[in-house]
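Worksheet: one structure, shown below.
Chain naming here is simple, since letters A, B, ... match the order of the sequence lines and numbering starts at 1 in each.
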Amino acid sequence: MPADPKLIRNFSIIAHIDHGKSTLADRILEATGALSEREKQDQFLDKMEIERERGITIKAQNVRLEYAASDGQKYRLHLIDTPGHVDFNYEVSRSLSACEGALLVVDASQGVEAQTLANVFLALDNNLEIIPVLNKIDLPSADVDRTKREIEDVIGLDCSNAILASAKTGIGIKDILEAVVARVPPPKGDASVTPRALIFDSWYDSYRGAVVMVRVVEGTLRKGQKVRFLATGRDYEITEMGVFAPHATPITELGPGEVGFIAGNIKSVTDTKIGDTVTDAVHPTTVALPGFKEVKPMVFAGIFPTDSAQYEDLRDALSKLQMNDAAFVYEPDTSEALGFGFRCGFLGLLHMEIIQERLEREYNLDLITTAPSVVYHVYMNSGEMKPIENPARLPPTQHVDHLEEPIYRVTIHVPSSYVGAVLALCQDRRGEQKSLQYASSDRVIITYDMPLSEVLFDFHDKLKSVSRGYASMDYELVGYRPADLVKLDMLVNGDPLDALSVIVHKEKAFQRGRDLAVKLKDIVPRQQYEVAIQAAIGSKVIARTTVKAMRKDVTAKCYGGDISRKRKLLEKQKEGKKRMKMVGSVEIPQEAFLAILKVD
Amino acid sequence: MEPIGVYVHFPWCLKKCPYCDFVSFAKERDGIEHERYADAILAELDRRAGAFEGRTLATVFFGGGTPSLWAPQALGRVLAGIRAAAARHAGDDVEVTVECNPSSLDEDRARALVDVGVNRLSVGVQGLEPERLRFLGRLHDAEGGLEAVRAALRAGVPRVSADLIYGVAVPAKEAGPKYLAGGPTQEQSPSEAAAEARRVAETGVTHVSAYSLTIEPGTQFGELSRRGRLPIANEDGVAETFFAIEEALGAAGLGHYEISNYAREGHEARHNLGYWRGHDYVGLGCAAFGTVSGKGAGQHEGSALRYRNVIDPARYMRAALAGEAEVESEEPLDPETRLRERIMLGLRLREGFDLERSAAEVGAEAWTPSRRQAAERLVKRGKLTIEGGTIRVPRNAWVLADGIAAELF
């Protein structure tokens, strides 16, 4: 039976990585009796191994909890978990829009971080009631007053009734639940009108096909009902309906304000667009829920198997990953240097790293990933615009009028003592300062517009290093801008390493080319002949290094007692060669292709 | 019948050389258990006699260590035992080599060895420059090395070989007492090395082994090198020296028949040729390796077994004399592995080797698609020739033989 909307509370938790979101979620599950003793393993909601290791949530998990509040009423709480990284910004915004309230969890010893801020603003945009929670108050370094002041100053949120908590020790959990009941508004919505439900998550299940998580905004969804997904225009019959409590539990109806999953022989998660509206197929609404957007990958990279025999395995693995990740796209690609592989698109760098790691770990593949590239807008002399995300595909310069590159607005939170270093870094990355404001006497919020390619290229690592780890950042696309960009090629004995071509700003091409040539010289093993390494723009060579020929590669003594050992050495050498790629007649090890990311 | 060799390891030296990675322990001549060690080997031989079944005993090699330290009668007893064990299978012209150090070889000792049946001596001359000999930890001087060779020849040893080490960098005088990597070194020029080889050849030896110094882990040099305290010779210079020595010895009538070996025609080291051609060998003594194939070794057709005896001499002797197995480890060699070894070893020879015949012998595939492809690539680069089933590394590519072999693995 659908619950009385007055007794439903939908909320999510907003927190920076490491500020204790997952631990808090676990405590809430325990406090409502949803977890058995046996299940109280840490971070119950983070299912995947990688998530648990990195302490981040990639796919949201959503649970229904029954809570007997101190007012004597039994409430139905839906805890809607949000992905915790800026790459999944849109998903976060959709998850938040499925809620009426949010807990803003701030580590009382750390203060507000850039990412937290971004999500709070998303929550405010969605008109959520925000309950500040100061976590980790048991830590000696916790500074409650200061943190409250910071939240008030930076976000403008009243902290007079902020809750003091420690998810680790369990302090304040009861207060949090009471506050959710008292302060988060109940959902509105008529149960009898044409249904409209928001899709805010989806995943692939090998038995059920794609499954979507929905929040019913109004009307009622029933098992067996024919429904339509408005954005794709496709109809499905709801064959299964359920909630996580926290284990999957079948139900037959979802009323206004309720959250649950539905399945209906949906082939692929690409058919389930986050933010889409589910309605009745026979009497559909024409008014979609607001905020829907097609998610487009922003970062592209080539992924190639080290061993070409793994090509088929890689293709299978990619298709399996895509079943569960509609934001991830791929298409076949070939490279002269790397052979057959795939060009893959990701929401951002973290998304890319996660996919890469899952391919290697879960599917046991050995991969070479090329330098990530952004999507450039190439304006041809004809006036036509071509989006190009693979530097190797850049049309010849004589046909190109100009290029535009994506610009991100980067927001950085940093202690004031590191402001100088951060400004210098942003300036060096072709950034354009937009604002600089003091969040408190010793914390500064810096905003820059910066080319995405510069953000991709080691920026986060550099930011962390110039601020000794104290800076945090967030970013969003603001648009495309013309830039003086050139294609830089690396040549080995005259043969281009197509996988190493990059599009760079003209002013940086020389330095980048020289750095790469020097780096490659150290990485390309000595061959039985001399190898010339060149960096070139078009036909103009801008840097050159030489790998001298190997003069001697022979075992002096090889008698009865030496044979096994020498043979094993050569076997190992041969094995190593398998991991190398032939470019023309030169063998290049895998590291060379990764080095391009790491020019200091 | 297939030839088989016997290797006998003698694990003692007067002093351990800093570059040597063979198993040897420093010991005074009087402290060595000459007869007991011989007894132990004869006991082991007894257990292994089955390996001679269906084979012709072609060579016996006493290596070490310094087997010229061994009392000749004791060595003679072992040799006689081997001849007896292989009696029905011994060839008429068994090559019997003993490795010698100049400090333990004079004319009398050489004669005594000839008397017990030795017909080839290999003398560790190593070099003719006092600085370098000292650096290599040798107990003899330049004249001592040459004199040992002459003594062997005077004693009527039919075949005498001399060992040389080149590619040695010694710390230059101004480098100070403790060498640090990058410090000034003094290296033999290719022409100096050639002159040295010529002087050795002039003694009348019929065989020369010229090795470029290899820094092996686990040796004193290896340790110094790891800590950056060993001068390392310039690679280009070493490669040039290889060819300079080849030219000098060639002019002296010593043909370059293996990467590090030169001989007058017919004086090639038959025992070592056995290794390079993939023949079986029985190893006797502590730390000795043996490789025996086929049914005699309890292996399937085409497969072989490599074993190594326990390394510690005392443990070896105890086990062998008690009639217990003295083996430390065993490695079964399947046909593919054996073929890879044939490639690695066969390409060390000037004549190359018949890949197709070897493959047929061990029951492996000679021309797998990837090997064929690699071979064609190498031929194109002038690093390999193929004539019928025989493959060979041309002379000018010899210095790159390891990488070439690895490509054909």
Does a side-chain heavy-atom distance below 4.5 Å link [X] with [Y]?
{"X": "A/Ser308", "Y": "A/Gln310", "answer": "no"}
{"X": "B/Glu258", "Y": "B/Asn272", "answer": "no"}
{"X": "B/Leu347", "Y": "B/Leu384", "answer": "yes"}

Where does A/Lys566 contact chain B at under 4.5 Å (heavy atoms): side chain, backbone, both or neither?
both
Out of [options], which one racks up the most heavy-atom pairs below 4.5 Å with chain A?
{"options": "B/Val23, B/Thr291, B/Leu408, B/Leu345", "value": "B/Leu345"}
{"options": "B/Glu240, B/His271, B/Arg348, B/Arg308", "value": "B/Arg348"}
{"options": "B/Ser260, B/Ser209, B/Ala405, B/Gly403", "value": "B/Gly403"}

What pairs of residues pass the ring pair (Phe, Tyr, Trp, His ring centres under 6.0 Å) test when at least one of them lies in residues 514-543 of chain A, not counting sequence neighbours?
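Non-adjacent pairs meeting ring pair (Phe, Tyr, Trp, His ring centres under 6.0 Å): zero.
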Using a 4.5 angstrom heavy-atom cutoff, name the option from A/Lys548, A/Lys572, A/Arg551, A/Glu571 with the most pairs to chain B.
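With the most close heavy-atom pairs to chain B, the winner is A/Arg551.
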When A/Val554, A/Ile563, A/Asp553 are compared by non-hydrogen pairs under 4.5 Å with chain B, the top option:
A/Asp553
N-O pairing of [X] and [Y] below 4.0 Å:
{"X": "B/Asp21", "Y": "A/Arg565", "value": "yes"}
{"X": "A/Asp333", "Y": "A/Arg393", "value": "yes"}
{"X": "A/Arg343", "Y": "A/Glu389", "value": "yes"}
{"X": "A/Asp489", "Y": "A/Lys487", "value": "yes"}

Where does [X] contact chain A at under 4.5 Å (heavy atoms): side chain, backbone, both or neither?
{"X": "B/Ser212", "value": "both"}
{"X": "B/Ile259", "value": "side chain"}
{"X": "B/Phe409", "value": "both"}
{"X": "B/Phe61", "value": "neither"}
{"X": "B/Trp276", "value": "side chain"}
{"X": "B/Glu331", "value": "side chain"}

If you check every heavy atom in residues 335-343 of chain B against those of chain A, which residues fall under 4.5 Å?
B/Thr337, B/Arg340, B/Glu341
Applying salt bridge (Lys or Arg N to Asp or Glu O under 4.0 Å) between B/Glu407 and each of B/Arg381, B/Arg372, B/Lys383, report the one that passes.
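Of the listed residues B/Arg381, B/Arg372, B/Lys383, the salt bridge (Lys or Arg N to Asp or Glu O under 4.0 Å) partner of B/Glu407 is B/Arg381.
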Residues A/Asn364, A/Glu360; criterion side-chain hydrogen bond (donor to acceptor under 3.5 Å, both in side chains); working and verdict
CA-CA 5 Å; A/Asn364 216 1; A/Glu360 295 197 330; over 6 Å; no
Pi-cation contact, B/Tyr211 with A/Lys557 (under 6.0 Å, within 45°)
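Yes, A/Lys557 sits over the ring of B/Tyr211.
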Nearest-0.5 Å distance, CD1 of residue A/Ile355 to SG of residue A/Cys344:
8.0 Å
